[in-house]
Amino acid sequence: MQEITPELVRTFSALSDPVRMATLAKLAEGSSTVGDLAAPFALSPAGFSKHLSVLQAAGLVAKELDGRKHICSLRVEPLRAAFDWLSFYQQFWSDNLDRLEVFLDQSQTKNHGKKTGE
């Protein structure tokens with residue numbers, strides 16, 4: 001079983017909101033100011049700031065001050081950990097479904113070999 005760390009829980013929690021997902025998608029294109037990140041959303045500055053705080057707490061966003069501008073950038077390390085966690089389960093289900101397919105093929109072959117009414 002994969003270890004479920006507090007950092008992993010924070011990452012998935014941060015990813016559970018469409019505003020935060022869209023913000024990360026924008027940051028994947030490059031660093032951006034808080035104002036530019038907030039612009040597409042019908043949120044108050046305080047409302048968007050809460051979303052940004054969740055992303056920062058999860059370690060997904062780094063924010064630095066450049067004069068009077070707050071510049072945000074994407075931090076990929078928590079996403080790598082989430083990807084690794086998900087990859088384990090992707091492989092688990094892929095292997096299990098492969099075994100199920102073999103079982104069903106074998107069952108179907110056995111049933112085709114029997115005569116009707118037996």
Side-chain angles (χ1 to χ4, degrees):
M1 185 167 136
Q2 292 287 93
E3 182 180 2
I4 300 172
T5 64
E7 294 82 13
L8 188 62
V9 171
R10 280 194 294 273
T11 298
F12 280 114
S13 179
L15 293 172
S16 70
D17 184 275
V19 170
R20 295 191 290 264
M21 290 175 69
T23 300
L24 290 180
K26 175 70 175 163
L27 288 174
E29 299 171 1
S31 297
S32 187
T33 65
V34 172
D36 288 343
L37 290 172
F41 306 108
L43 295 170
S44 68
F48 184 77
S49 181
K50 288 180 183 180
H51 285 290
L52 202 53
S53 293
V54 170
L55 292 170
Q56 284 181 274
L60 293 163
V61 170
K63 188 164 72 168
E64 61 185 58
L65 196 56
D66 182 18
R68 291 176 43 182
K69 293 181 182 177
H70 290 270
I71 308 294
C72 296
S73 57
L74 179 64
R75 295 189 63 244
V76 297
E77 295 82 10
L79 291 174
R80 282 190 190 115
F83 177 80
D84 291 344
W85 191 86
L86 289 169
S87 293
F88 172 84
Y89 289 101
Q90 185 276 331
Q91 187 63 50
F92 170 82
W93 283 110
S94 180
D95 292 347
N96 279 304
L97 290 172
D98 288 346
R99 285 193 294 275
L100 177 61
E101 182 178 25
V102 168
F103 173 78
L104 292 173
D105 287 345
Q106 290 171 349
S107 296
Q108 189 174 25
T109 301
K110 282 182 183 178
N111 288 336
H112 278 26
K114 291 183 177 181
K115 293 181 182 174
T116 309
E118 283 187 30

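Throughout, numbering of the chain's residues begins at 1 and tracks the sequence.
Here the closest non-hydrogen pair linking Phe41 and Thr23 is CE1-OG1, 3.8 Å. When all heavy atoms of Pro78 and Ala58 are compared, the closest pair comes out as CG-O, 3.6 Å.
Here the straight-line distance linking atom CG of Leu37 with atom SG of Cys72 works out to 5.5 Å at 0.5 Å rounding. Considering CZ of Arg20 and CZ of Phe48, their distance stands at 10.5 Å, rounded to 0.5 Å. Put simply, CD on Glu3 and CG on Leu8 are 9.0 Å apart, with the number rounded to the nearest 0.5 Å.
For the pair His51/Leu55, no side-chain contact is recorded, criterion being any heavy-atom separation below 4.5 Å from C-beta on. Contact of the Leu15 side chain with the Leu79 side chain is registered, since non-hydrogen atoms from C-beta on lie closer than 4.5 Å. In this structure, His70 and Leu65 have side chains that are in contact, with non-hydrogen atoms separated by less than 4.5 Å.
Ile71 is not connected to Leu74 by any chain of hydrophobic side-chain contacts under 4.5 Å among Ile, Leu, Val, Met, Phe, Trp and Tyr, and they are in different clusters. There is a path of hydrophobic side-chain contacts, each under 4.5 Å, that joins Phe88 to Val9. Connection of Val54 to Met21 is not established within any shared hydrophobic cluster, with ILVMFWY side chains joined at heavy-atom distances below 4.5 Å, either directly or through further cluster members.
By the ring pair (Phe, Tyr, Trp, His ring centres under 6.0 Å) test, Phe83 is found to be paired with no residue, residues two or more places apart in sequence or in another chain being considered.
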Decide yes or no on side-chain contact (heavy atoms from CB on, under 4.5 Å) for Trp85 and Thr5, but give the supporting numbers first. CA-CA 10 Å; Trp85 191 86; Thr5 64; over 6 Å; no
List the steps, then state whether side-chain contact (heavy atoms from CB on, under 4.5 Å) holds for Leu60 with Leu27. CA-CA 10 Å; Leu60 293 163; Leu27 288 174; over 6 Å; no
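Listed for the Ser13 side chain is no donor-acceptor partner under 3.5 Å among the backbone atoms of Arg10.
Atom NZ of Lys69 has 12 or fewer heavy atoms from other residues, nucleotides or ligands within 6.0 Å.
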